[in-house]
Amino acid sequence: MMFRVDRDVLAEAVAWTARTLPVRPSVPVLAGMLLEVTDEQQLKLSGFDYEVSAQVTLDLQSGDAGKVLVSGKLLAEITRALPAQPVDFVVDGAKAVVTCGSAKFTLLTMPVEDYPSLPAMPPATGVVGSDVWASAVSQVAVAAGRDDTLPLLTGVRVEIEGESVTLAATDRYRLAVRELSWQPEQPDISAVALVPARTLADTAKSLTTGAQVEIALTSGGGGGGEGMIGFESGGRRTTTRLLDGEFPKYRSLLPTEFSARADLATGPFVEAVKRVSLVAERNTPVRLSFRGGEVVLEAGSGDEAQAVEVLETEFDGDAIDIAFNPGFLLDGLGAIDSDIARLQFTTSTKPAILTGKPADEPAATPYRYLIMPIRLSS
């Protein structure tokens with residue numbers, strides 16, 4: 001087996017495939033990357049850890065068909081460091097030789113026959129714009145849990161109803177929901193999947209090289225048994241197993257009536273929260289007091305360091321004092337993708353809704369970030 005390919009093309013493909021390889025694999029071959037040259041003069045690079053698979057296909061300048069398995073992380077480091085010249089890759093017995101300009105590396109190979117077969121791509125379900133998909137996933141994934149002892153909360157719920165897709169994630173302290181349109185293969189499709197949030201976010205971000213992302217889904221997840229979801233765009237494809245279990249009934253948590261509403265310039269609001277929270281100790285809140293046309297941000301109390309800052313706001317409703325985890329609040333502000341942040345309240349002890357203020361004031365916003373307040377002491 002041998003092939004020649006452009007260095008930048010190879011380095012990018014190897015780096016993309018290697019990102020899913022396990023740091024501490026259960027068996028040594030799972031740290032490997034499978035390189036296969038086909039009779040069509042294409043190179044396929046694959047990685048798989050029994051949960052997530054990744055594969056990218058490249059066109060070659062020249063090549064002889066064959067397969068080889070080498071250390072994926074090491075190959076990524078080598079290709080990243082090579083000079084900007086064509087790369088020659090040749091398998092010589094139990095070794096693989098990488099040559100680029102005056103640089104030459106020799107890698108030990110692993111037994112290809114011990115490497116697991118990649119799962120087949122599920123049937124195509126529909127397509128969505130890659131940039132829209134990446135933005136929507138990033139907005140929702142910030143609210144997913146990171147505690148692996150509660151696996152259901154580490155996922156993003158994907159609900160498909162015809163031409164509408166709803167993404168939702170929660171860690172019990174905040175909830176993010178995003179609605180978007182897509183092009184389904186079947187106009188009356190209805191499906192639900194619970195996708196690991198880390199994998200979904202990383203995949204969505206890495207598949208923006210193509211104009212569209214094809215989503216492929218098998219049944220299962222969200223209480224329906226074992227299933228799989230796949231994504232493909234620009235010669236790259238990845239699959240992941242779905243989480244199994246019943247996701248919380250989140251829609252009942254979203255308030256429909258509010259007693260107050262505040263609109264603030266997002267940039268100054270973010271900077272003020274960052275400054276004030278400098279004196280907030282771990283798990284202590286930033287307090288917000290809304291009165292008329294201003295909001296007072298405070299953190300710290302008693303003999304501790306304290307901070308106070310005042311911002312202008314367009315405020316409508318009853319005056320309210322409310323407190324939030326500053327990290328959670330900043331996550332939401334970073335996700336709304338709007339110059340104006342809108343906070344809507346019911347009471348100081350019930351969840352608030354953070355959205356961007358749309359220019360045309362539609363009846364419903366495609367993105368909502370619910371954040372639980374921290375109870376203030378009297």
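Only a predicted model underlies this, so the values are computations on that prediction, with no experimental measurement involved.
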For Phe290, the ring-ring contact (aromatic ring centres under 6.0 Å, His included) test, sequence neighbours excluded, returns Phe315, Phe345
Sequence neighbours excluded, which residues qualify as ring-ring contact (aromatic ring centres under 6.0 Å, His included) partners of Phe269? none
Side-chain donor-acceptor contact under 3.5 Å, Ser233 with Ser130: no
Is there a donor in the side chain of Glu179 and an acceptor in the side chain of Thr166, or the other way round, less than 3.5 Å apart? no
Are any side-chain N or O atoms of [X] and backbone N or O atoms of [Y], one a donor and one an acceptor, separated by less than 3.5 Å?
X: Arg236; Y: Ser206; answer: yes
X: Trp133; Y: Thr208; answer: no
X: Thr109; Y: Ala94; answer: yes
X: Ser164; Y: Ser181; answer: no
X: Ser53; Y: Tyr50; answer: no
X: Arg157; Y: Phe247; answer: no

Does Asp92 have any side chain to side chain donor-acceptor pair (under 3.5 Å) partners at least two apart in sequence or in another chain, and if so, which? none
Is the shortest distance from a Lys or Arg side-chain nitrogen in [X] or [Y] to a carboxylate oxygen in the other one below 4.0 Å?
X: Glu314; Y: Arg261; value: no
X: Arg287; Y: Asp321; value: no
X: Glu159; Y: Arg251; value: yes

Using salt bridge (charged side-chain N to carboxylate O under 4.0 Å, His left out) as the criterion, list what pairs up with Asp88, not counting sequence neighbours. Arg4
Partners passing side chain to side chain contact (heavy atoms under 4.5 Å, CB included) against Ser135 (at least two apart in sequence or in another chain): Gln139, Arg178
Sequence neighbours excluded - side-chain hydrogen bond (donor to acceptor under 3.5 Å, both in side chains) pairs with any residue from residues 168-177: Asp171-Arg174, Arg174-Asp331, Arg174-Tyr369
